[in-house]
Every structure is written in structure tokens, then in C-alpha cells.
Amino acid sequence: MRVQEPTLFIHGYSGTYFSFRKMLKRFAKNHWGEKSCIAIISRTGHIYFWGRPRSLIQVLFLENRDNVAHQVKWIWKLLNQLKTNYGIPHVNLVAHSMGCVSVLMYLNQYGYDERNSKVKRVVTIGAPFNDLEVGKRTPYIEDHPLTTTGPVKMSPLYRWMKANNIGMPADIRFLNIAGNLQNGTFSDGQVSVNSALSLRYLVRNVRRQYQEYIIHGKQAEHSLLHENEQVDQIIGKFLTH
């Protein structure tokens with residue numbers, strides 16, 4: 001079964017063309033869609049479409065170490081062009097690491113913007129939602145226990161997202177994937193499971209199902225999560241049903 005809406009794949013901090021390249025090939029092999037386009041976003045926010053946006057679209061930020069605020073603006077411009085220039089009404093978003101935080105910030109601020117393609121499904125992989133540094137690797141893994149109401153300690157960015165998530169459309173479906181190396185760190189080597197699963201408190205107004213999965217073992221390492229075929233199957237089922 002193929003994914004019905006175009007799906008955008010957004011890399012994390014320092015991501016490149018190779019970040020999602022193999023996953024996109026595996027998606028094609030599983031008949032979930034074909035990579036039709038690369039959307040290249042320049043350092044000044046200009047967007048070049050290499051191919052025609054359909055099916056699976058790889059997003060590349062040439063300034064791949066920039067901050068979340070700039071990425072939010074670029075995502076807005078990209079979804080605006082997809083609707084304005086290509087008539088695409090709905091999209092899905094698959095993001096890794098820092099890209100997940102940028103996606104969530106975009107939805108908080110612009111999720112209801114009718115000028116842009118509407119987001120139907122979101123997949124977040126290894127997301128540092130409650131990290132002080134959502135991009136750079138820190139000397140230690142930030143791991144704050146979760147309670148019934150949220151993390152016991154919140155980063156400034158997480159606190160802002162929790163206070164300002166009223167702008168997020170309530171009909172978006174979320175799939176949240178975290179990694180646990182099972183080496184005692186309760187993390188994927190960079191992002192703690194608790195930080196990734198902190199998303200659950202930011203999407204409580206979502207009407208439809210919020211799903212979360214923890215991938216275990218060596219293939220749950222942060223940079224290997226999007227190379228893990230178990231992750232492929234979980235995402236493929238989520239996007240096609």
C-alpha cells in the first residue's frame with residue numbers, strides 16, 4: 001500500500017543528503033512510494049526543487065547547523081510553496097533529531113495557516129524535545145524523569161512549547177520513536193528516552209491516536225534509528241493506514 005499524501009523527510013543537526021537516502025530506497029522497495037524530489041533550502045531560505053514534489057520528498061537544509069527558529073521559517077516557506085505552486089493540500093512529515101523540534105515548533109506557530117499544505121501525520125525519530133541543546137551533542141545525556149503531568153525539569157524551549165501548543169491542529173496524528181541502547185543510559189547514545197517521550201505532554205489536545213515506540217538494542221543508536229528496518233515497518237504501517 002502506498003502513502004496517499006506526499007511525505008517530507010527532514011534531517012537533524014548536521015544532516016546531509018545521506019541522512020534519509022537509504023530509508024527512502026527501502027520505502028520504495030516496500031512499495032510505500034517513490035522518492036520524487038529533493039527540496040534544497042539555501043542559507044538565505046531560497047528553495048530549489050530538484051524533481052517534481054510527489055510521493056516521497058527529501059528536504060535538505062544547506063545551512064544544516066542553523067537554529068530551530070530559522071528552520072521553522074524555512075519549513076513554513078516550503079509548505080507554502082507546495083500548496084501555492086504545486087496545489088498540494090496535505091502532507092506528512094518524517095523528521096529526525098533536531099528536525100523533530102523544528103517541526104513541532106512550526107506546528108505550534110503555523111499549524112492552522114491556510115496558505116500552506118496542511119500536515120496530516122507526523123513521525124518523530126530520536127527527538128531531543130527536552131534537551132537544552134536540541135542540535136549539538138552535549139557532554140552528558142539530559143535525562144529528566146517523567147511524571148503524570150510532564151518532565152520533573154523542563155528546558156526553556158520545552159517550557160515554551162508546553163505553554164504555547166494551543167496553536168497545534170487537533171487532528172494531526174503523531175508517531176514518536178525513541179531509542180534505548182540498553183547499556184544503562186536509557187538513551188540512544190545522544191537523546192534520552194525520557195526527552196524523546198516528553199512529546200506526549202505537548203500533544204494532549206490531539207483528537208486522534210498518539211503512538212510511541214521504543215526501539216531496543218545496538219540498532220537503536222541515535223544515528224542508526226533511520227537505518228533500522230524495524231523503524232521502517234513501524235513508520236510504513238503508520239503512514240499507510
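Worth knowing before you read on, the calculation uses all heavy atoms, side chains too, and leaves out hydrogens, waters and symmetry mates. For clarity, every value in this text was computed on a predicted model and none was experimentally measured.
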I need the Q211 CD to I177 CD1 distance, nearest 0.5 Å. 9.5 Å
R21 atom CZ, over 12 foreign heavy atoms within 6.0 Å: yes
State yes or no: are the ring centers of H11 and F20 separated by less than 6.0 Å? no
To the closest 0.5 Å, what do you measure between CG (L239) and CD1 (I234)? 12.0 Å
Within the side chain of H226, is there an N or O that forms a donor-acceptor pair under 3.5 Å with the backbone of D232? no
Tell me whether T84 contacts the main-chain N or O of Q81 through its side chain, where contact means a donor paired with an acceptor under 3.5 Å. no
Do H46 and Y48 have ring centroids that are under 6.0 Å from one another? yes
So that I know where these two stand, are Y13 and F61 an aromatic pair - ring centroids less than 6.0 Å apart? no
Here the gap from I88 atom CD1 to L79 atom CG, rounded to the nearest 0.5 Å, amounts to 9.5 Å
With a 4.5 Å limit on heavy-atom distance, are the side chains of D188 and N180 in contact? no
For W50, does the CH2 atom sit with more than 12 other heavy atoms under 6.0 Å from it, leaving out its own atoms? no
Proximity of W76 and Y106 rings by center, below 6.0 Å: no
Just by distance, do the side chain of E142 and the backbone of L132 share a donor-acceptor pair under 3.5 Å? yes
Between F49 and Y86, does the ring centroid distance fall short of 6.0 Å? yes
Heavy atoms from other residues, nucleotides or ligands near NE2 of H31 exceed 12 (cutoff 6.0 Å): no
Indicate yes or no for a side-chain donor-acceptor contact from E221 to the backbone of S223 under 3.5 Å, with no hydrogens or angles considered. yes
Look at atom NZ of K118 and say whether more than 12 heavy atoms of other residues, nucleotides or ligands are closer to it than 6.0 Å. yes
Under 4.5 Å between any side-chain heavy atoms of V231 and I215, yes or no? yes
Any side-chain to backbone donor/acceptor pair from S117 onto V91? Under 3.5 Å, distance only. no
Salt-bridged, E227 to R26, with N to O below 4.0 Å? yes
